[in-house]
Visitor: 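This is the structure, below, for whatever I ask next.
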Amino acid sequence: MNFKLAAPFKPTGDQPQAIEKLREGLKTGVKNQVLLGVTGSGKTFTLANVIQKIQRPTLVISHNKTLAAQLYQEFRDFFPNNAVSYFVSYYDYYQPEAYIPRTDTYIEKETEINDEIDKLRLAATTNLLTRKDTIIVSSVSCIYNIGSPKVYGKFVLEIAQGAKISRESVIRRLVDLQYTNNPLDFRRGTFRIRGETIDLYPAYEDIGIRLTFDGERIVSINKIDPLEAKIVEKLDRTVIYPAKHYMTDPEKFEKVFQDIRRDLQIQKNKLLSEGKEFEARRLNQKVNYDLEMIQEIGYVNGIENYSRYFDGRRPGEPPYTLFDYFREPYGDDWLLIIDESHMTIPQIRGMYNGDFSRKNTLIDFGFRLPSALDNRPLTFREFLNKVPQTIYVSATPDEWELSLAKTSVGNHVIARSEATRQSRTGLLLRQPADRNDYNGIVEQLVRPTGIIDPEIFVRPTEGQITDLVREVEKRKEKGERVLVTTITKRMAEDLAEFLQKKKSLKVQYLHSDIQTLERSDILDDLRNGKYDVLVGINLLREGLDLPEVSLVAILDADKEGFLRSTTSLVQTMGRAARHTRGTVIMYADRETASMKRAIDEINRRRIYQQSYNKKHKITPKQITKPVRDKLTTREKLADDTSVNFLNNQKRIEYREILAYDYDSLTPGDLVKLIKKMETNMRKAAGDLNFELAIEIRDKIRELKERKL
């Protein structure tokens with residue numbers, strides 16, 4: 001199936017030229033390009049058009065789960081009939097295994113795996129191996145070890161109606177695929193046996209599979225509702241993929257165990273030579289226990305630390321990552337998009353060193369074999385060696401991405417010129433449009449609405465609060481909102497408290513101590529007019545879409561540092577770029593180098609945008625965007641005493657149910673309620689509302705303890 005973009009609008013403004021340049025760059029083989037797009041210019045829509053035009057599987061990397069979730073939802077809406085997947089770390093809670101020698105403290109690995117994210121991860125790799133029209137939106141977890149795609153692709157179970165195969169053979173194969181027999185708790189990654197019937201819940205689906213046998217033959221294959229076990233669709237055939245990414249081939253056990261025991265002996269001798277007899281005994285006990293577990297059930301907690309042996313990798317070789325699941329079927333014929341590259345690239349750079357330090361300590365004190373070091377994220381050099389053609393996307397790309405794109409185009413032109421001289425046919429793909437001006441950096445500076453970047457004023461710090469109050473009151477009279485950024489949390493809280501004393505102003509602060517769900521509610525309240533002013537720090541930078549904000553005030557703008565760097569200032573000022581009267585006031589007593597670069601860049605964009613609007617007779621239009629419904633009050637209990645959870649705009653309404661008197665329920669009613677809550681927990685996770693899913697999960701645990 002081909003990528004087919006579904007959108008109620010067409011590319012406008014700067015989007016058509018950006019789409020064409022990026023497409024031509026990809027078509028002619030340019031390795032690295034940068035899409036420099038201002039806030040609100042529709043960068044995601046531009047990229048969706050590029051994907052449709054080049055028809056390649058695509059990986060999109062974002063620097064955090066929240067932004068990745070937003071991108072996943074956008075691409076899913078743009079490509080409703082294609083395979084759009086979400087691949088992030090599947091832990092709600094993750095405490096890595098560690099050892100602190102100073103206090104002789106061993107911290108065992110402790111995890112809380114999110115079942116819904118685990119399903120989405122498995123669905124992502126399954127899609128890659130079965131269909132080309134795949135887009136995966138991922139966090140930087142895509143550079144971590146997930147096992148060999150060759151081994152994963154080998155472990156499949158193909159079933160057809162009428163096939164001659166015994167029930168016992170299917171059961172053995174399901175166990176090989178890491179599915180567990182659980183007749184009481186039917187959930188993803190499990191199966192249950194009822195007479196001549198096997199019910200299976202694939203780890204990557206929301207629907208179950210029922211296989212019915214007649215002796216040595218499969219007589220029917222049906223999709224079933226996992227909760228009610230009702231048949232929803234009849235199938236002629238189906239393919240079952242593994243329940244985990246880390247697969248172990250029993251045929252390799254003997255060779256793998258020999259290698260592990262050989263390395264165990266080498267490491268024990270090393271520890272003994274260092275006078276670490278206790279550590280050597282500990283290592284021997286731990287490794288032998290792990291091998292016994294793998295021999296018996298094919299899996300053990302921490303099996304990824306032995307992945308190098310099962311993968312056939314040599315010490316130091318890079319691990320298999322999501323990149324290899326792209327490269328296995330497609331080679332380099334796929335596309336990589338790095339969103340907010342100024343944040344994502346530094347994050348990718350730093351992953352390896354922290355992981356190495358922690359594991360090296362575990363190895364030195366007898367908790368792990370040296371092979372644990374090969375269960376790791378990619379180094380930055382390995383990452384660069386694995387990437388295909390790449391588009392770096394940012395409103396403020398770093399010099400590294402910019403220079404990489406320029407060098408890539410320069411080398412590409414030289415290589416193609418040499419190829420032309422050597423070509424006997426003289427045939428050569430045409431260069432991108434406007435090649436004379438093309439340096440690998442594609443600018444998208446015009447917004448579809450015609451809104452230009454905010455006007456900037458620099459004012460002295462003396463009397464800044466009085467001036468700020470005056471400016472805020474002007475905006476309040478017009479029904480507009482204001483963002484104020486400070487340097488510290490204490491300053492944000494103190495300023496919010498001071499402004500709140502002005503009885504005419506409604507003020508709130510926003511920083512990292514406030515829970516994620518509450519942050520969203522505060523932002524909604526700002527848009528709805530409950531607050532006139534929001535005071536914050538670094539949270540008022542990327543990813544906020546607040547069309548009502550017409551003023552951004554930056555206090556201590558001349559304090560050089562991360563929060564007042566050129567990139568941070570441009571990103572912060574961009575919060576006022578969604579309003580036709582967008583304005584930025586920087587309070588400073590001097591103009592720093594970062595301030596000058598940021599102001600010059602915004603003014604450069606303003607000149608270009610004003611010229612474009614004048615040339616095309618465009619009048620800027622104010623953005624009007626509905627505010628999503630908030631999580632509202634609890635609903636009354638239905639006749640079966642279960643809770644009626646409504647799904648309104650893909651948001652589960654749950655909050656007030658926490659206050660319900662559960663003691664008034666009978667044991668039977670409590671069981672029904674728990675089942676309904678589990679269903680809605682999965683729905684919340686399916687809508688990427690993971691914080692709410694965790695809250696429901698914790699309440700379910702509490703109710704189950706009460707039931708016991």
Side-chain angles (χ1 to χ4, degrees), residues 96-99 101 104 106-111 144-155 172-173 175-180 242-321 324 352 355-379 382:
E97 183 183 28
Y99 179 67
D104 190 26
Y106 172 69
I107 303 172
E108 190 172 1
K109 178 181 176 181
E110 185 179 351
T111 63
Y144 278 79
N145 179 26
I146 60 171
S148 169
K150 291 183 179 179
V151 176
Y152 179 82
K154 176 183 176 182
F155 278 82
R172 285 195 297 270
R173 188 57 175 168
V175 172
D176 288 342
L177 298 182
Q178 300 298 330
Y179 288 89
T180 57
K244 294 182 173 66
H245 280 123
Y246 294 105
M247 298 301 300
T248 55
D249 188 347
E251 296 178 1
K252 294 183 178 180
F253 277 4
E254 184 176 351
K255 172 69 166 60
V256 166
F257 285 10
Q258 288 177 357
D259 292 343
I260 293 175
R261 289 195 170 100
R262 180 199 64 219
D263 288 352
L264 171 61
Q265 189 60 49
I266 293 172
Q267 185 65 10
K268 280 168 54 180
N269 292 339
K270 179 177 182 297
L271 291 172
L272 290 172
S273 69
E274 296 171 353
K276 297 179 178 179
E277 295 182 7
F278 177 75
E279 287 82 356
R281 287 197 302 272
R282 176 163 56 199
L283 180 64
N284 185 72
Q285 182 180 18
K286 185 171 185 60
V287 172
N288 280 301
Y289 170 79
D290 288 348
L291 293 182
E292 289 176 10
M293 291 292 292
I294 295 172
Q295 180 72 54
E296 290 298 319
I297 64 175
Y299 190 80
V300 69
N301 188 28
I303 192 173
E304 61 272 13
N305 291 294
Y306 303 102
S307 61
R308 187 238 293 169
Y309 301 103
F310 290 100
D311 294 344
R313 290 183 284 130
R314 294 189 296 271
E317 281 192 331
Y320 291 109
T321 66
D324 295 285
Y352 173 78
D355 183 82
F356 177 85
S357 176
R358 175 179 61 82
K359 286 180 179 171
N360 214 34
T361 302
L362 288 168
I363 292 166
D364 288 343
F365 288 88
F367 290 96
R368 287 291 172 193
L369 287 174
S371 62
L373 290 175
D374 293 308
N375 169 46
R376 58 176 176 82
L378 297 173
T379 65
E382 291 168 344

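FYI, the numbering just counts along the sequence from 1.
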Visitor: For Tyr106 and Ala98, which heavy atoms make the closest approach, and how far apart are they?
Guide: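 Scanning both residues completely, I find the closest heavy atoms to be CD1-O, 3.5 Å.
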
Visitor: For Asn375 and Arg368: C-alpha separation, side-chain torsions, deciding distance, then whether side-chain contact (heavy atoms from CB on, under 4.5 Å) applies.
Guide: CA-CA 11 Å; Asn375 169 46; Arg368 287 291 172 193; over 6 Å; no

Visitor: Side-chain contact, heavy-atom cut-off 4.5 Å: Thr321 with Asp324?
Guide: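 Of all side-chain heavy-atom pairs linking Asp324 with Thr321, at least one is under 4.5 Å.
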
Visitor: Can you list everything that forms a ring-ring contact (aromatic ring centres under 6.0 Å, His included) with Phe257? Sequence neighbours excluded, please.
Guide: Phe253

Visitor: Measure the spacing between OH of Tyr309 and CG of Asp263 and express it to the nearest 0.5 Å.
Guide: 3.5 Å

Visitor: Is the closest side-chain heavy-atom distance between Glu304 and Ile146 below 4.5 Å?
Guide: no

Visitor: Will you find, in the side chains of Asn269 and Gln265, an N or O donor that is under 3.5 Å from an N or O acceptor?
Guide: yes

Visitor: Would you say Arg262 has more than 12 foreign heavy atoms packed within less than 6.0 Å of its CZ?
Guide: yes

Visitor: Using 4.0 Å as the upper bound for N to carboxylate O, is an ion pair formed by Lys255 and Asp259?
Guide: yes

Visitor: Mind checking the OH-OG spacing from Tyr320 to Ser307? Nearest 0.5 Å is all I need.
Guide: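 Between Tyr320 OH and Ser307 OG, I get 10.0 Å after rounding to 0.5 Å.
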
Visitor: Which is it for Leu369 and Arg308 under the side-chain contact (heavy atoms from CB on, under 4.5 Å) test, yes or no, and what are the steps along the way?
Guide: CA-CA 11 Å; Leu369 287 174; Arg308 187 238 293 169; over 6 Å; no

Visitor: So, is the end of the Lys286 side chain (NZ or CZ) under 6.0 Å from the ring centre of Phe367 and within 45° of the ring's axis?
Guide: no

Visitor: Compare every heavy atom of Leu362 with every heavy atom of Glu97, then report the nearest pair and how far apart it is.
Guide: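 It is O-CD1, 3.5 Å.
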
Visitor: Grab the two heavy atoms, one from Asp374 and one from Pro319, that are nearest each other, plus how far apart they are.
Guide: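 That closest heavy-atom pairing would be O-CB, 3.9 Å.
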
Visitor: Is the number of heavy atoms from other residues, nucleotides or ligands within 6.0 Å of OH (Tyr289) greater than 12?
Guide: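 Counting other residues, nucleotides and ligands, OH of Tyr289 stays at 12 neighbours or fewer.
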
Visitor: To check you understand the geometry: which heavy-atom pair defines the closest contact between Ile294 and Val300, and what is its length?
Guide: CG1-CG1, 3.8 Å

Visitor: What verdict does the side-chain contact (heavy atoms from CB on, under 4.5 Å) test give for Arg282 and Phe365, after you've listed the backbone C-alpha separation in whole Å, the side-chain angles of each residue and the deciding distance to 0.1 Å?
Guide: CA-CA 9 Å; Arg282 176 163 56 199; Phe365 288 88; 4.1 Å; yes

Visitor: Do Pro101 and Thr361 come close enough that some side-chain heavy atom pair is under 4.5 Å?
Guide: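 Contact flag for Pro101/Thr361 side chains = yes.
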
Visitor: Do the side chains of Asp364 and Lys276 get nearer than 4.5 Å, heavy atoms only?
Guide: yes

Visitor: Could you check if a side-chain atom of Val287 sits within less than 4.5 angstrom of a side-chain atom of Gln267, using non-hydrogen atoms only?
Guide: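 Val287 vs Gln267: side chains apart.
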
Visitor: Shortest non-hydrogen contact from Asn305 to Ala372?
Guide: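 Heavy atoms only, the tightest pair is OD1-CB, 3.5 Å.
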
Visitor: Measure across Tyr352 and Arg376 and return the closest heavy-atom pair with its distance rounded to 0.1 Å.
Guide: CE1-CD, 3.4 Å

Visitor: Do Tyr144 and Leu378 have side-chain heavy atoms sitting under 4.5 Å apart?
Guide: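 A side-chain contact is absent here, since even the closest heavy-atom pair is not under 4.5 Å.
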
Visitor: I'd like to know whether Arg261 forms a side-chain contact (heavy atoms from CB on, under 4.5 Å) with Leu291, so could you lay out the CA-CA distance, the side-chain angles of the two residues, the decisive distance to 0.1 Å, and finally the verdict.
Guide: CA-CA 9 Å; Arg261 289 195 170 100; Leu291 293 182; 3.9 Å; yes

Visitor: Is there side-chain contact between Leu373 and Asn360, with at least one heavy-atom pair below 4.5 Å?
Guide: yes

Visitor: Is it true that, when you exclude Gln285 itself, more than 12 heavy atoms of the residues, nucleotides or ligands shown sit nearer than 6.0 Å to its CD?
Guide: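 Not buried by this count: 12 neighbours or fewer within 6.0 Å.
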
Visitor: Contact between Arg313 and Pro318 at the side-chain level, heavy atoms closer than 4.5 Å - yes or no?
Guide: no

Visitor: Between Tyr306 and Asp290, is any side-chain donor less than 3.5 angstrom from a side-chain acceptor?
Guide: yes

Visitor: Under the rule for side-chain contact (heavy atoms from CB on, under 4.5 Å), what residues qualify as partners of Arg281, not counting sequence neighbours?
Guide: Glu277, Phe278

